[in-house]
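This report concerns only the one structure given below.
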Protein chains: 2
Amino acid sequence: MAPWILLMFRSLLILLATPSSFAKFPSRYFPSSIIHPETPSLSSNTNLLYKTRYFTQILDHFNYNPQSYQTFQQRYLINDTFWGGRKSKSPIFVYTGNEGNIEWFAQNTGFMYDIAPKFKALLIFLEHRYYGKSIPYGGNRKKAYKNSKNLGYLSSTQALADYATLILDLKNNLTTMDSPVIVFGGSYGGMLAAWFRLKYPHVAIGALASSAPILQFENITSQYSFNNIITQDFKSESENCYKVIKGSWKQIEDTATSKGGLELLRKSFHICKNYISGSYLEGWLSTAFVYGSMTDYPTPSNFLAPLPAYPIKQMCKAIDNPTFGNDTFKKLYHAVNIYYNYTGDVKCFDLNDDSDPHDLGGWQWQACTEMVMPTNGNNKESIFPISRESYTAHSQYCEESYKVTPRPTWITTEFGGHDIARVLKRFGSNIIFFNGLRDPWSGGGVLKNLSKSIIALVEKEGAHHVDLRFATNEDPKWLQDVRKREINIMKDWISEYHQNLADSDT
Amino acid sequence: MAPWILLMFRSLLILLATPSSFAKFPSRYFPSSIIHPETPSLSSNTNLLYKTRYFTQILDHFNYNPQSYQTFQQRYLINDTFWGGRKSKSPIFVYTGNEGNIEWFAQNTGFMYDIAPKFKALLIFLEHRYYGKSIPYGGNRKKAYKNSKNLGYLSSTQALADYATLILDLKNNLTTMDSPVIVFGGSYGGMLAAWFRLKYPHVAIGALASSAPILQFENITSQYSFNNIITQDFKSESENCYKVIKGSWKQIEDTATSKGGLELLRKSFHICKNYISGSYLEGWLSTAFVYGSMTDYPTPSNFLAPLPAYPIKQMCKAIDNPTFGNDTFKKLYHAVNIYYNYTGDVKCFDLNDDSDPHDLGGWQWQACTEMVMPTNGNNKESIFPISRESYTAHSQYCEESYKVTPRPTWITTEFGGHDIARVLKRFGSNIIFFNGLRDPWSGGGVLKNLSKSIIALVEKEGAHHVDLRFATNEDPKWLQDVRKREINIMKDWISEYHQNLADSDT
């Protein structure tokens, strides 16, 4: 298995940081993918959600060498069911796609559908270059991903320029230049949405940046923050739950190195016969805790995996189950079974599964070039074993895999981040930063208002971009309220825009 | 003579648009350079003005293919004579270099030197990539300019990223991260300064953008504006002056095509024996009118050429001189002699002179890729013959010279420009746009306040970035006043910054 494939997983799914155990157990031992392939809940009726279009996009916006005049087909999804049209200058809501198949993000951003009728909004979902069907080199994924020369054009600044170019072209074609654009995004897509508003204020009047860890760079946010939030998530359910997990790592290691121990572990965790090792198992377990924390939604969901409401609570229930006595492995098995096998379909778990159903593999390249986001530290209190972020190991991996050296300071050079409160106090406007504090990424988010119109909405009980999900009847009041606030703020942006437009016409 | 050399002149000196006659007389007939090589007035004591430094800069900030990891040596000039130092968090004034040798710009931006003691400011002048000594490919200018593949990295976005990277690195090395940075620039350098503040607010707290025609793109500003302002400059001196020039073009053409006419013209205008044609002569004359308008300064100057105070007034005096009777050629000769030969050293004029003392040649590439600024239209009233901008001809030239197609909408996509008042009404802050209305570029400038802190300073009697020049004892009151206003505004930016810093420390 190529190192690339082995490490690809590190980045899987929404900016996932290397779970804590990676730092201790070299990542090359880590299973390439443990995500249970899933059927997106809405994929059966996607025809109702959007039509698919392609745009001829420029490969290199910033240089003018002959290769930059090459183009590629960028996919986007469009839904004009609710649009009020150009005469009423009705708004355009644009999702700035992140590191994966745009259909998957569209299907998990129901909020835009829920509010489109109220705003008479046109909905557009833009796919990020090098993901899904938006592949340069004639759509030839193998060629595009072949080497660093061909991958070179996969960068956040190029993606933002794609979005500006496509949006302006689309508005022009629809002769609706006066329709205001609001950009939406979650996770890396949220980072792109916020940056887009900051860099392209002439294209978007505002941005809803949900769970966008734009401060998870350099030393702006502590490297321990990510895993400390996970720790807190489990602790908040029960102290025992936290202690059992924290104590389990040594027990697994001891078992793995004892005679017959691997077979015992294999049986305890229902691992298929193909492969097992102590560190693979640890990675697999910690991934369930990381992803469980990110998607600790208050209602049943199917984003990273099919899950019940409040999965962390369910995991801790299993761990705290008195009928399991002192059997740590049984407790853990039942806990992670909630994440990996909530449907009950899986007979055994394949630690070698390297499928990538949402086509997220390109993130590893991004993490090896500009998206250097330190999240692997574990202090004494962490639910994972103590460790420190190793930039050297990361850099070495990138050299080996792509012959590329990361640029850890580039993102803060290009987009800022240091002293953000001071910088944006009197600069920029119209951004909502939503963060749910149960989301490990929230540590790198903007958690305080930066100005009158650069607003932080923070929800103690929220998880990773929970606000962007389709509304359900079971949504708790805080979630309904946060969406209402978002709607009202965006309404204000649009009225202000229309008012300015009317003023300048007269 | 290569087409590149022939056309290079079109762009010479501070964004010079093709003078009107070009549109009528194909630019390939135009002399490659008519600038009188000059000795910058301060070059003899440049040691006092700055020290020269080099920075290892990344060739391609936005892509990660192997070539992008190449570096080049970027030159910058530094003067720390007046700097208050890091302890007092004294400011850093940075000139964002434009299309030429940075020493030349430093020597013509005396305002920064004049005010540095007051602000205890560190002065930095950054050279633009591909100009002066900041040449990629190991400083090998011939190689860097060899073809579009090597020239590809010459773009405004790359230059801005250079500036961000260099400034942050410099501040880091001086351990003075808390020193506020203000960027300064004139003409294209002013565009870069304004765009830098908009794109890199985390690096610069404000920008003084002098004579920055950021609206001279697409159809935002009329293509007739540029030459109409020149027309107005001459009309404002005397109606007769305008009429003589306006009537001269036909007379020159008629003479050029009549028997012995070229020889007559050659003698009348003291052209050297090597070459003359009607359209070369017309280009040469109109260039004097264009550059004369741009540098119609109220005091003697030596920027584009050694000139007396108010050169347009002097030109019109020559034209209106009653002793010349009806001799149009004599009038014109004495008028342009003020521009080309104020020192009286020139015995005859060489229309083939293609010297480029300030190394401005790269602008032609920029004009062939992104800097498509329509300025060549002449309506009925114009002092030049009626004509329309020909994008097709421009594009054809670019194909022939560089095998490159211009991207006329790129600048507005990347930096905006349309509806700028609406876009920046509640976005961004701390920019001064200075424009002098005698400057033909002022038509593409920001002439109205966009918000409380994005300010337009407009001076009826001003010319091309006159505010940035060294103060003299003869400066008129309006010029002294405009500089005072600029100083006061920048003082406010800096106090506000220090106040915010103090607030965030407590």
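The shown structure was predicted, so the numbers you read here are calculated from the model rather than taken from an experiment. Chain letters run A, B, ... following the sequence lines, proteins first and then strands; every chain starts at 1.
Using a 4.5 Å cut-off between heavy atoms, T165(A) contacts chain B through both its backbone and its side chain. No part of I420(A) comes within reach of chain B, as not one of its non-hydrogen atoms sits under 4.5 angstrom from that chain. Neither the backbone nor the side chain of I167(B) comes within less than 4.5 Å of any heavy atom of chain A. For chain A, the nearby part of D178(B) is the side chain; its heavy atoms alone come within less than 4.5 Å. With a 4.5 angstrom heavy-atom cutoff, Q158(B) touches chain A only via side-chain atoms. Heavy atoms closer than 4.5 Å to chain A are found nowhere in S453(B), neither backbone nor side chain. Both the backbone and the side chain of K199(B) have a heavy atom closer than 4.5 Å to some heavy atom of chain A. Proximity to chain A involves both the backbone and the side chain of T413(B), based on heavy atoms less than 4.5 angstrom apart.
Side-chain contact, R129(B) with S134(B): no donor N or O sits under 3.5 Å from an acceptor N or O. Donor-acceptor pairing under 3.5 Å is recorded for the side chains of T412(A) and E218(A). Using a 3.5 Å distance cut-off with no hydrogens or angles, the side chains of Y188(B) and Q366(B) do pair a donor with an acceptor. Looking only at atom types and distance, the side chain of Y137(B) has no donor-acceptor partner in the side chain of Q70(B) under 3.5 Å away. Defined by atom type and a distance below 3.5 Å, a donor-acceptor pair is missing between the side-chain atoms of H128(B) and D162(B). Looking only at atom types and distance, the side chain of Q364(B) has no donor-acceptor partner in the side chain of Y402(B) under 3.5 Å away.
Counting heavy-atom pairs under 4.5 Å between each of G428(A), S155(A), A164(A) and chain B puts G428(A) at the top. Of the residues considered (K403(A), M177(A), E370(A)), E370(A) shows the highest number of contacts with chain B, using heavy-atom pairs under 4.5 Å. Counting heavy-atom pairs under 4.5 Å between each of V404(B), L198(B), T369(B) and chain A puts T369(B) at the top. Most heavy-atom pairs under 4.5 Å with chain A, from the set L160(B), T409(B), T405(B), D419(B): that is T405(B).
With sequence neighbours left out, the salt bridge (Lys or Arg N to Asp or Glu O under 4.0 Å) criterion links R426(B) to E496(A).
Here the closest non-hydrogen pair linking G361(B) and Y145(B) is C-CE2, 4.5 Å.
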